[in-house]
Amino acid sequence: MRLYLCNFTTLSEPQKKMILAWRNHENVKAYMYNVNDISEAEHFAFIEALKTREDRRYFLVQHEGVDIGVIDFNDISATSATLGLYANPKLDQKGIGSLLMQSIVEYAFKRLKVNILKAEVFEDNIKAKALYEKFGFCEKERKMVNEKEVICMELTNEHR
């Protein structure tokens, strides 16, 4: 089972447009901090800015030649990183979340060499919370974002 990570900074224009369509899909943006539609200009500028950012990495994930979703790492430091992910909303296959999480955990601990992987999930996003727990994430605290409760979770390298 081979997963391939395509860095956003190397994507073709059609790939960038495909990801923008996913990100603006109602099922994806419903669980984002920014629930507004993102314009093509904003999206392309964001990807261009990633070329000079050491604290962020975004990837298109492919599995057996199929674009299955996006994973990202923010607030990357020597000790930790905060993850993000969303599946291709056009795919209706079980197990995509687990494939994306597998690639996140592997990249974070083997490539970024962080000790702590952080996740934030809206309390009502039951599927995402269950996925994080399946991979060993534990709740650390809660906070409010956009008048919704967010669960802050962590996975340490030694507990994965």
Side-chain angles (χ1 to χ4, degrees), residues 1 3 5-6 8 18-39 42-43 45-47 49-50 53-63 66-160:
M1 171 178 46
L3 294 169
L5 305 184
C6 307
F8 268 31
M18 173 188 69
I19 289 168
L20 177 61
W22 294 356
R23 173 57 184 80
N24 284 334
H25 190 281
E26 62 192 41
N27 294 347
V28 173
K29 72 179 176 184
Y31 294 109
M32 296 290 183
Y33 288 166
N34 175 6
V35 295
N36 300 318
D37 275 351
I38 296 167
S39 72
E42 287 174 298
H43 182 63
F46 173 78
I47 292 172
L50 288 173
R53 298 286 300 260
E54 292 296 317
D55 62 333
R56 292 180 163 191
R57 295 194 191 164
Y58 281 69
F59 300 96
L60 167 63
V61 182
Q62 297 174 328
H63 177 250
V66 177
D67 298 321
I68 64 166
V70 168
I71 63 170
D72 63 78
F73 302 90
N74 282 284
D75 303 319
I76 301 168
S77 71
T79 57
S80 69
T82 301
L83 69 86
L85 76 150
Y86 52 93
N88 174 348
K90 292 178 171 60
L91 293 179
D92 191 27
Q93 288 175 253
K94 276 201 151 310
I96 289 177
S98 290
L99 288 172
L100 294 173
M101 279 301 299
Q102 180 185 325
S103 61
I104 285 171
V105 169
E106 190 171 305
Y107 192 90
F109 295 124
K110 291 184 178 170
R111 298 285 301 275
L112 295 177
K113 300 195 184 321
V114 297
N115 293 320
I116 302 168
L117 189 53
K118 299 178 180 184
E120 295 184 357
V121 59
F122 286 116
E123 182 184 40
D124 64 352
N125 193 347
I126 308 300
K127 285 173 71 176
K129 184 176 182 289
L131 177 66
Y132 297 149
E133 288 171 342
K134 174 182 167 183
F135 276 81
F137 282 78
C138 296
E139 181 175 336
K140 292 295 180 187
E141 64 181 356
R142 291 180 179 231
K143 65 182 183 180
M144 297 300 288
V145 176
N146 301 336
E147 299 175 18
K148 291 169 75 176
E149 191 162 24
V150 171
I151 303 169
C152 301
M153 304 177 83
E154 289 185 359
L155 174 67
T156 57
N157 194 11
E158 64 260 23
H159 292 117
R160 64 185 178 109

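Only heavy atoms go into these numbers, but all of them, side chains included; no hydrogens, no water, no symmetry mates.
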Heavy-atom pair of closest approach, residues [X] and [Y]:
X: Phe46; Y: Arg56; answer: CE1-NH1, 3.1 Å
X: Gly84; Y: Ile104; answer: O-CD1, 3.8 Å
X: Gly136; Y: Leu155; answer: O-CD1, 3.5 Å
X: Leu117; Y: Ala108; answer: CD1-CB, 3.8 Å
X: Ile76; Y: Ala81; answer: CG1-CB, 4.1 Å

Atom pair [atom1] ([X]) and [atom2] ([Y]), whose distance is rounded to the nearest 0.5 Å:
X: Phe122; Y: Met32; atom1: CZ; atom2: CE; result: 9.5 Å
X: Ser77; Y: Leu112; atom1: OG; atom2: CG; result: 10.0 Å
X: Tyr132; Y: Met101; atom1: OH; atom2: CE; result: 6.5 Å
X: Cys152; Y: Lys140; atom1: SG; atom2: NZ; result: 11.5 Å
X: His63; Y: Ile68; atom1: NE2; atom2: CD1; result: 6.5 Å
X: Leu85; Y: Asp72; atom1: CG; atom2: CG; result: 8.0 Å

Give the table of side-chain donor-acceptor pairs shorter than 3.5 Å for residues 143-151, with sequence neighbours excluded, one pair per line with atom names and distance.
from	atom 1	to	atom 2	distance (Å)
Lys143	NZ	Glu120	OE1	3.2
Lys143	NZ	Glu120	OE2	2.9
Asn146	ND2	Tyr33	O	2.7

Not counting sequence neighbours, which residues clear side-chain hydrogen bond (donor to acceptor under 3.5 Å, both in side chains) with [X]? List them please.
X: Gln62; value: Asp67
X: Glu106; value: none
X: Lys134; value: Ser98
X: Arg142; value: Glu123, Glu139

Name all pairs fulfilling the ring pair (Phe, Tyr, Trp, His ring centres under 6.0 Å) condition that reach into residues 90-120, sequence neighbours left out, sorted by first residue then second.
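Pairs touching residues 90-120 that pass the test: Phe59-Tyr107, Phe73-Tyr107.
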
Quick one: list whatever passes salt bridge (charged side-chain N to carboxylate O under 4.0 Å, His left out) with Asp124, sequence neighbours left out.
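Counting only residues at least two positions away or on another chain, Asp124 forms no salt bridge (charged side-chain N to carboxylate O under 4.0 Å, His left out).
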
Atom CD of Glu158 with >12 non-hydrogen neighbours under 6.0 angstrom:
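It does: Glu158 CD has more than 12 such atoms within range.
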
[X]: which residues meet the side-chain contact (heavy atoms from CB on, under 4.5 Å) condition with it, sequence neighbours left out?
X: Ser103; value: Leu3, Leu5, Val61, Ile71
X: Asn34; value: Arg23, Asn36, Ile38
X: Ile19; value: Phe8, Leu11, Trp22, His43, Leu60, Val70, Tyr86
X: Asp37; value: Asn24, Lys29

Pairs where residues 85-105 contributes a residue and the test salt bridge (Lys or Arg N to Asp or Glu O under 4.0 Å) is met, not counting sequence neighbours:
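Passing the test, one end in residues 85-105: no pairs.
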
